Amino acid sequence: MADLMLGIETSCDDTGVAIVRPDGSVVASAVASQVELHDRYGGVYPEMASRAHVDAILPTVRKVLDDAGLRPDDLTAIGVTRGPGLIGSLVVGTNSAVGLGDGWGLPVYGVNHLRGHLRSADLDERRVTYPAMLLLVSGGHTLLAHVQESGDVTLVGSTRDDSVGEAYDKVARMLGLGYPGGPAIDRLARTGTPDVDLPRPARDLALDFSFSGLKSAVSRFLAANPEHPPENVAASFVEACLDVLLAKCRTALAQYPSECLVVVGGVAASPQLRERAATLCDESGVALCLPPLRWSTDNGAMIGLAAWDYHARGLRERPRPDTSLTIADW
């Protein structure tokens, strides 16, 4: 039997499905996006996200199998996100995967979404060397973790309130940039000058983060200065975010011996973050490991690759949605 894992990702607003080999090579991948659906609300509408997954999941699975020229009995197993995420979206994914597994006679592995992001840096080719410092920055999470080759993960810093991705989306709404806000903010910031004096929050929180104060500072500035060039506001906001993220990374690398810095999650697609992270790694004498841009946002391939780790450990407990998982959990 060929080593082929079907990965299914439905933690939030995109239905991602892929077929992945143990070495990280992606045989086929498809994502059914919900951006158009949620754009009118300026963010994800959870109930509508769940319903959209119901409509999209089986056609997306079929598309990936057809694109790869495979049948279900060619697969080794199925990996599916079991958490964290939106409970309704997780229920759709896990129930569908279990149903497919029962029907096809395949084992089903419930995968921690955060571990999926960690493994995204090894899609297409092996990049990560251990021990590694992980910076995960996405719409729902901002955290630092120290990772061993065994898969053992120690959380060393997390956000006290908004994730950096949430802050990006909220500031994008303030600037009228639509949803999702991250790419729009980054594009606008490229054309501006960081001339707004914004706070660098959480300096007294060791390796933890806090972005709600920064978001509020932008709101107050815009209320008092409605005519200020929006590109300068965006540039100032992005610079403040990156100053905080990279300062915490520098401290973490000094405290925890690491071979590389792994930056993953949707915000890892930011060209500004990639540039600043490369400079930090050069100065710190560690390698920088980034997922290819197409694998930075939520996708089925990262879940499929992570599922091989579960397969190797024999972790075959029936998947149950769990919104409270941390990066250290399997």
Side-chain angles (χ1 to χ4, degrees), residues 9-16 31 33-50 52-53 84-89 113-114 117 135-143 158-192 194 196 198-202 209-223 228 230-245 263-274 276 293 296-299 323:
E9 154 59 25
T10 65
S11 66
C12 190
D13 60 332
D14 285 339
T15 307
V31 176
S33 173
Q34 297 182 17
V35 167
E36 199 172 307
L37 174 65
H38 300 290
D39 181 52
R40 73 192 78 170
Y41 305 107
V44 177
Y45 193 132
E47 176 63 22
M48 297 185 71
S50 303
H53 285 305
L86 302 175
I87 185 61
S89 297
H113 176 78
L114 305 178
H117 274 303
L135 173 66
L136 196 163
V137 277
S138 69
H141 305 277
T142 300
L143 62 85
S158 60
T159 185
R160 300 288 183 89
D161 41 60
D162 287 358
S163 70
V164 66
E166 285 178 293
Y168 264 74
D169 284 340
K170 290 173 181 177
V171 171
R173 286 203 295 274
M174 296 175 199
L175 295 173
L177 299 179
Y179 171 84
I185 285 274
D186 283 332
R187 286 192 298 270
L188 185 61
R190 285 284 199 187
T191 68
V196 181
L198 295 174
R200 271 54 172 173
F209 301 90
S210 171
F211 290 98
S212 63
L214 175 58
K215 170 201 65 182
S216 298
V218 173
S219 178
R220 288 192 298 270
F221 179 84
L222 288 172
H228 199 81
E231 63 271 21
N232 290 3
V233 177
S236 302
F237 168 74
V238 169
E239 184 173 83
C241 287
L242 297 187
D243 283 351
V244 171
L245 292 173
V263 183
V264 297
V267 183
S270 164
Q272 291 96 322
L273 176 55
R274 288 175 172 243
R276 290 280 298 272
L293 286 174
S296 294
T297 53
D298 292 351
N299 61 83
T323 61

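As the structure is a prediction and not an experimental result, all values here were calculated from the model.
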If you measure from OG on Ser158 to CG on Leu136, what distance do you get to the nearest 0.5 Å? 11.5 Å
What pair of heavy atoms forms the shortest contact from Pro201 to Ser210, and how long is it? CG-O, 3.0 Å
Measuring from atom CZ of Phe209 to atom CG of Leu135, what distance do you get when rounded to the nearest 0.5 angstrom? 5.5 Å
Qualifying residues under side chain to side chain contact (heavy atoms under 4.5 Å, CB included), relative to Leu37, sequence neighbours excluded: Gln34, Arg40, Met48, Ala52
For Pro199, side chain to side chain contact (heavy atoms under 4.5 Å, CB included) partners two or more places apart: Leu214, Ala217
Looking at CG of Asn299 and CD of Glu9, how far apart are the two atoms once the value is rounded to the nearest 0.5 Å? 7.5 Å
When every non-hydrogen atom of Gly165 is compared with those of Val267, the smallest separation belongs to CA-CG2, 4.0 Å
Working to the nearest 0.5 Å, report the span between CG of Asp298 and OG1 of Thr10. 10.0 Å
So, taking the atom named CD in Glu166 and the one named CG in Asp161, what distance separates them when rounded to the nearest 0.5 Å? 8.5 Å
Do any pairs count as a salt bridge (Lys or Arg N to Asp or Glu O under 4.0 Å) and have a residue in residues 169-189, sequence neighbours left out, and if so which ones? Asp162-Lys170
Could you check whether any side-chain heavy atom of Arg276 comes within less than 4.5 Å of a side-chain heavy atom of Val263, counting everything from C-beta outward? no
Could you list the residues that satisfy side-chain hydrogen bond (donor to acceptor under 3.5 Å, both in side chains) with Ser216, not counting sequence neighbours? none
May I ask you to decide if the ring planes of His141 and His113 are parallel, tilted or perpendicular, using 30° and 60° as cut-offs? tilted
Could you tell me which residues satisfy side chain to side chain contact (heavy atoms under 4.5 Å, CB included) with Ala172, sequence neighbours excluded, listed by chain and number? Leu177, Ile185
Looking at every heavy atom in both Gly265 and Ser138, which two are closest together, and how far apart are they? CA-CB, 4.3 Å
Do Cys241 and Gln272 make a side-chain contact, defined as non-hydrogen atoms from C-beta onward lying under 4.5 Å apart? no
Partners passing side-chain hydrogen bond (donor to acceptor under 3.5 Å, both in side chains) against Glu36 (at least two apart in sequence or in another chain): none
Taken in chain and number order and not counting sequence neighbours, the residues that satisfy side-chain hydrogen bond (donor to acceptor under 3.5 Å, both in side chains) with Ser50 are none
For the pair Asp13 (side chain) and Val44 (backbone), establish whether a donor and an acceptor sit closer than 3.5 Å, ignoring hydrogens and angles. no
Among all residues two or more places apart in sequence or in another chain, which pass the side-chain hydrogen bond (donor to acceptor under 3.5 Å, both in side chains) test with Thr297? none
Which residues pass the ring-ring contact (aromatic ring centres under 6.0 Å, His included) test with His53, not counting sequence neighbours? none
If you compare all heavy atoms of Ala269 against all heavy atoms of Arg274, which two are closest, and at what distance to 0.1 Å? CA-NE, 4.0 Å
With sequence neighbours left out, what residues match Arg200 under side chain to side chain contact (heavy atoms under 4.5 Å, CB included)? Leu198, Arg203, Glu239, Ala240, Asp243, Val244
What residues form a ring-ring contact (aromatic ring centres under 6.0 Å, His included) with Phe211, not counting sequence neighbours? none
Least distance between heavy atoms, Ala234 atom then Leu175 atom: CB-CD1, 4.2 Å
Side chain to side chain contact (heavy atoms under 4.5 Å, CB included) partner of Leu273, chosen from Val137, Val164, Val238: Val137
Taking all non-hydrogen atoms of both residues into account, name the closest pair between Ser163 and Gly139 and its distance. OG-O, 2.8 Å
When rounded to the nearest 0.5 angstrom, what is the spacing between CG in Leu293 and OG in Ser270? 10.0 Å
Contacts of Phe221 that satisfy ring-ring contact (aromatic ring centres under 6.0 Å, His included) - sequence neighbours left out: His228
